2 protein chains.
Amino acid sequence: MMRIGELATRTHVSVRALRYYEEHALLTAERTPSGQRHYPESAVARIHLIQQLYAAGLSSRTIRDLLPCVLDGRATPELLHRLTAQRDHLTTKLAALTATRDTLDRVIANAETSLRTGEACGGGE
Amino acid sequence: MMRIGELATRTHVSVRALRYYEEHALLTAERTPSGQRHYPESAVARIHLIQQLYAAGLSSRTIRDLLPCVLDGRATPELLHRLTAQRDHLTTKLAALTATRDTLDRVIANAETSLRTGEACGGGE
DNA sequence: CTAAAACCTGACGCTGACGTCAGAGGCAAG
DNA sequence: CTTGCCTCTGACGTCAGCGTCAGGTTTTAG
């Protein structure tokens, strides 16, 4: 059982953020008689998962709703629906970001050329 | 030449957002003597590009710096460097999001199974 | 036993990308 | 000329995800 500071350093997530997660029911902790939080090893993985979902653009509310399903396999038809919706949303986003990266690649190639051939440059169109 | 309302409806971006973009030098507009903004057709594409970069996680400041390069091919070595950094950052992000989607796929498959076989369910590990 | 380090609960601050409201001017139609 | 919609410039409001400070307790190191 580790305390909040250790969990923070091990996950590279601030203590404040961990308390914030608990406040928003993304994370629970056992308490010692004096009130300090104690976490099991599994909390590390849980934090990583939470961060992953945040990075995917989910809100804390959404994460809170979907987490039980993700961790315990506890799914209702409605949760399954929301989960699928999020995955589809993510797929769409991935396509958009890939397109953006391609755009950047083209711009970079163009810029490199124009820098080499001497400043002024027309488009590739 | 269109006015701000038309540009807004055509790009599905609010009038407020367009003014915000101008305020932050992402977008410029000609003005009629009475002070109304007038945009050329090319503004539509420009807005789409701005939205694309926002979706990629860039800040308005970053977009402002990189836009001249992206639109006009005007690149300095420093801008080129920043551009490349952004692309690499995006590549990393794409990998992470792809991993997240795979996680969601697994969770969904698991949940579907547990719903079919009757509620309780252990992990696939 | 004591000092330092870590933890606790509020509670206010911050940032970015707008939403929204107020008050006033511009413009095509009848 | 007036009605009605569009536009203008401030300027304050909002929301999430924390950062940060205050004031006090607990745990640990020596």
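Reckoned from all heavy atoms, side chains included, excluding hydrogens, waters and symmetry mates. Throughout, a chain's letter reflects where its sequence line sits, starting with A, and its residues are numbered from 1. Keep in mind the model is a prediction, meaning the values are calculated, not measured.
Straight-line distance from the CG atom of Leu18(A) to the P atom of dC8(C): 10 Å, rounded to whole Å. Per the geometry, CZ belonging to Arg19(A) stands 7 Å off C1' belonging to dC8(C), to the nearest Å. Regarding Arg16(A), its CZ atom lies at a distance of 14 Å from the C1' atom of dC7(C), rounded to whole Å. Between Glu22(A) atom CD and dC8(C) atom C1' there is a gap of 11 Å when expressed in whole angstrom units. The separation between Met2(A) atom CE and dA6(C) atom C1' is 16 Å, rounded to whole Å. Rounded to whole Å, the distance from CD on Glu6(A) to C1' on dC7(C) is 14 Å.
Tyr21(A) and Met1(A) are members of different hydrophobic clusters when ILVMFWY side chains are connected at heavy-atom separations under 4.5 Å.
The structure places OG1 of Thr91(B) at 7.0 Å from CG of Asp105(A), a figure rounded to the nearest 0.5 Å.
Using a 4.0 Å heavy-atom distance criterion, Thr32(B) is classed as making no nucleic acid contact. In this structure, Arg31(A) reaches the sugar-phosphate backbone alone: every heavy-atom distance under 4.0 Å involves primed, P, OP1 or OP2 atoms, never a base.
The span of DNA chain D lying next to chain A, judged by atoms under 4.0 Å from heavy atoms, is bounded 5' to 3' by dA16(D) to dT27(D).
Between Ser34(B) and the phosphate of dC27(C), there is a side-chain N or O to OP1/OP2 separation shorter than 4.0 Å.
Looking at Leu49(B) and Leu67(B), their side chains come closer than 4.5 Å, going by heavy atoms from C-beta outward.
For Tyr21(B) and Arg3(B), each mapped to the nucleotide of DNA chain C holding its nearest heavy atom, the one lying further toward the 5' end belongs to Tyr21(B).
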Could you walk me through whether His81(B) and Thr84(B) pass the side chain to side chain contact (heavy atoms under 4.5 Å, CB included) test, one step at a time? CA-CA 5 Å; His81(B) 181 70; Thr84(B) 309; 5.7 Å; no
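Of the charged side-chain nitrogens involved, none lies within less than 4.0 Å of a carboxylate oxygen, so that Arg106(A) and Asp102(A) do not count as a salt-bridged pair.
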